[in-house]
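Here is the naming used below: chain letters follow the sequence lines, and residue numbers restart at 1 for every chain.
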Amino acid sequence: MRFSKLLAVGIALLASRAALAQTPSYKGVGRTPTQEEIQTMDISAGPDGKGLPAGQGTAKEGAPLFAAKCAVCHGANAEGAKIGPRLTGGQAEIDSLKTLQPVRTVGGYWPYATSVWDYINRAMPRNQAGTLSPSEVYALTAFILAKSNIIKEDDVMDAKTLPKVQMPNRNGFVPPRYQDVVDEHKRGCKQGVCP
Amino acid sequence: MNPKQSDRRNFLKNGAALAGLAVGAATTALPAAAETAPDIDELHKYGERSPLVKSVRIGSINNPERHLKDEPVAFGLKSPLQDQVGMITPSSLHFIVSHGYEPPDLDPREHRFLIHGMVDRPLIFTVDDLKRLPSVSRFHFIECHGNSSPGGPGGPERKAVIATAQDTHGFTSCSLWTGVPLSLLLKEAGVQKGATWILAEGADASKHSKSIPIGKALDDAIVAYGMNGEPIRPEQGFPLRLVTPGWQGINNVKWLRRIEVVDEPYMAMMETSRYPSVKLDGKSRWFEFELGPKSVITRPSGGQRLAARGYYEISGLAWSGGGAIRRVEVSADGGRTWKDAQLHDPVAKKAHTRFSAPWTWDGEEAVLQSRCTDDQGTVQPTVAEVAKLWGADVDYLKKTSAIVGDFNAIQPWKVNRDGSVQNALF
């Protein structure tokens with residue numbers, strides 16, 4: 001008992017010394033944010049689903065929402081209009097990438113479905129960002145994916161299913177794995193060598 | 001002339017008349033005029049350039065059909081390189097690329113900057129907090145990866161025979177950036193093992209976000225609050241901007257509000273949909289960062305006219321994302337012979353460097369061009385070499401409608417017998 005107590009004190013001492021070594025050098029500058037502050041500001045969602053909140057939606061649920069909030073810029077079927085770009089796409093757009101007129105759309109170019117959720121959530125509708133609930137963002141994401149025939153109308157999109165959606169152009173990027181972006185100093189093209 | 005200027009000039013005229021009157025009739029009160037005239041001291045509090053100097057940014061991704069102020073049209077405003085001297089870009093002429101939004105109206109007293117994610121101690125700062133920390137001031141250029149691309153929305157203007165240096169190379173600018181090294185802030189927060197990337201996010205309407213390898217964040221990135229001796233201009237990120245020296249403009253996140261330390265790129269909209277370079281085989285190269293060596297002669301350059309035969313100083317700018325400019329060579333005979341140009345101080349890392357070379361025009365046709373070498377030994381390529389690097393021919397570069405990212409080919413200007421100077425890229 002006494003020994004374990006001593007051990008505990010020893011560990012605490014060691015720990016505090018370690019903590020001391022990592023003590024910030026600029027005392028009193030900035031402060032620790034509250035959990036609430038972090039949660040309010042942290043809006044990002046990663047490709048493996050990190051950061052995606054609870055909630056769910058289908059393309060069917062997204063259809064009336066899209067008509068009400070998005071169609072005015074992007075067209076009734078996300079085909080694009082004067083103000084907003086086309087969102088749908090597939091093999092034809094992927095084929096266009098080899099031509100002098102490459103077309104990049106959400107359905108035909110974007111490699112990750114989570115990016116669709118993330119972008120709608122952070123930026124859309126224009127000048128009303130932040131007004132959509134997580135489920136509404138899932139439903140709108142599902143609508144765009146279904147209009148591009150990537151998922152079905154009834155497929156439920158949520159934090160688990162969305163990262164698993166395979167986007168058609170997922171393999172259209174080099175290096176194929178971002179983990180291979182090892183040398184961040186490499187240029188687009190150096191003399192004689194393209195990475 | 002804008003209404004403000006016109007008011008000011010009228011006032012100056014009236015003010016002078018008023019002063020003359022007052023001398024002759026010191027006791028005669030002019031209450032009505034005194035009430036409406038602005039305080040003369042106000043006029044001198046913030047300087048303006050001469051009204052005779054007209055150099056301005058011009059738009060190249062303009063949508064002529066844009067008619068609503070609120071329409072989400074992306075726009076790019078190019079800096080008038082041909083009118084600038086030295087290596088600093090005036091803040092009011094720094095290029096702008098906007099992805100469809102006006103700058104947000106941020107109050108530095110309200111603005112917060114958060115560092116969180118894979119750190120031992122998440123931290124939140126006010127702008128004043130950051131000003132208490134050790135600061136650095138460094139010259140750095142910021143350049144859009146699409147600058148001088150023959151393809152893309154600005155392609156026609158860039159390729160035109162009548163193109164100016166502004167049309168061809170106006171999406172680069174150089175400033176003295178002041179702020180706190182990001183490495184210092186990350187050290188304060190304590191980066192955890194396994195962290196490999198950061199996600200930087202702005203406070204604009206679209207909350208632009210960009211994934212950046214942590215190596216850069218711990219190297220020379222700056223959380224800047226100052227630009228050329230004053231707070232950063234609103235259109236350049238007021239009150240905070242992440243400066244990533246030598247890297248494509250998109251990484252230099254304006255209106256910086258948050259950095260999350262993470263273990264993978266977050267596949268944000270711009271880095272997956274707009275900024276990868278589409279190659280001829282249909283594959284897109286993504287996560288390109290560092291800009292190669294590039295230079296352009298700004299005088300004489302496209303659209304200018306040599307008044308007479310005789311002596312001229314050839315002057316231009318060179319820069320590289322790889323480091324400092326070590327050498328600039330100039331040719332006046334279409335690349336047959338080259339001679340070293342003089343580099344003007346300061347020659348800073350990842351900054352515009354001014355160069356010059358003497359030249360006497362004999363009245364005959366001439367082709368002027370410059371090529372630079374950075375301190376890694378990388379030499380600026382020719383158009384043919386760039387095409388080869390893309391696995392394409394020069395014809396592809398001429399015809400593609402896609403942005404040719406990081407296009408850093410040598411820029412030739414042709415001087416005609418009548419003294420006119422024109423773009424001779426193709």
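For chain A, no part of B:Phe113 is nearby; none of its heavy atoms comes within less than 4.5 Å. Interface remark: B:Thr126 contributes no atoms to any contact with chain A (heavy atom separation under 4.5 Å). The part of B:Glu201 that comes within reach of chain A is its side chain, from C-beta onward, which places non-hydrogen atoms under 4.5 angstrom from that chain. In this structure, chain A has a heavy atom under 4.5 Å from the side chain of B:Glu260, while its backbone stays farther away. Within the 4.5 angstrom heavy-atom criterion, no atom of B:Leu185 approaches chain A.
Between chain B and the options A:Gly51, A:Ala129, A:Gly30, A:Ala123, the largest number of non-hydrogen pairs under 4.5 Å is found for A:Gly30. Ranking B:Arg258, B:Lys399, B:Arg112 against chain A, the residue ahead of the rest is B:Arg258, based on heavy-atom pairs under 4.5 Å. Per-residue heavy-atom pair counts under 4.5 Å with chain B were compared for A:Ile38, A:Ile94, A:Asp118, A:Thr105, and the maximum is reached by A:Ile38.
A centroid separation of 6.0 Å or more is found between the aromatic rings of A:Trp117 and A:Tyr112. Ring to ring, A:Phe173 and A:Tyr109 are close: their centroids are under 6.0 angstrom apart.
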For this session: Kindly determine whether A:Asp42 and A:Ser44 satisfy side-chain contact (heavy atoms from CB on, under 4.5 Å), including the steps that lead there.
Result: CA-CA 6 Å; A:Asp42 181 4; A:Ser44 51; 3.2 Å; yes

For this session: May I have the step-by-step check of side-chain contact (heavy atoms from CB on, under 4.5 Å) for A:Val29 and B:Leu123, ending in yes or no?
Result: CA-CA 9 Å; A:Val29 184; B:Leu123 287 167; over 6 Å; no

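Distance check, rounded to the nearest 0.5 Å: OH of A:Tyr26 to CG of B:Leu133 gives 7.5 Å.
Using a distance-only test at 3.5 Å, with no hydrogens or angles considered, a donor-acceptor pair links the side chain of A:Ser115 to the main chain of B:Met267.
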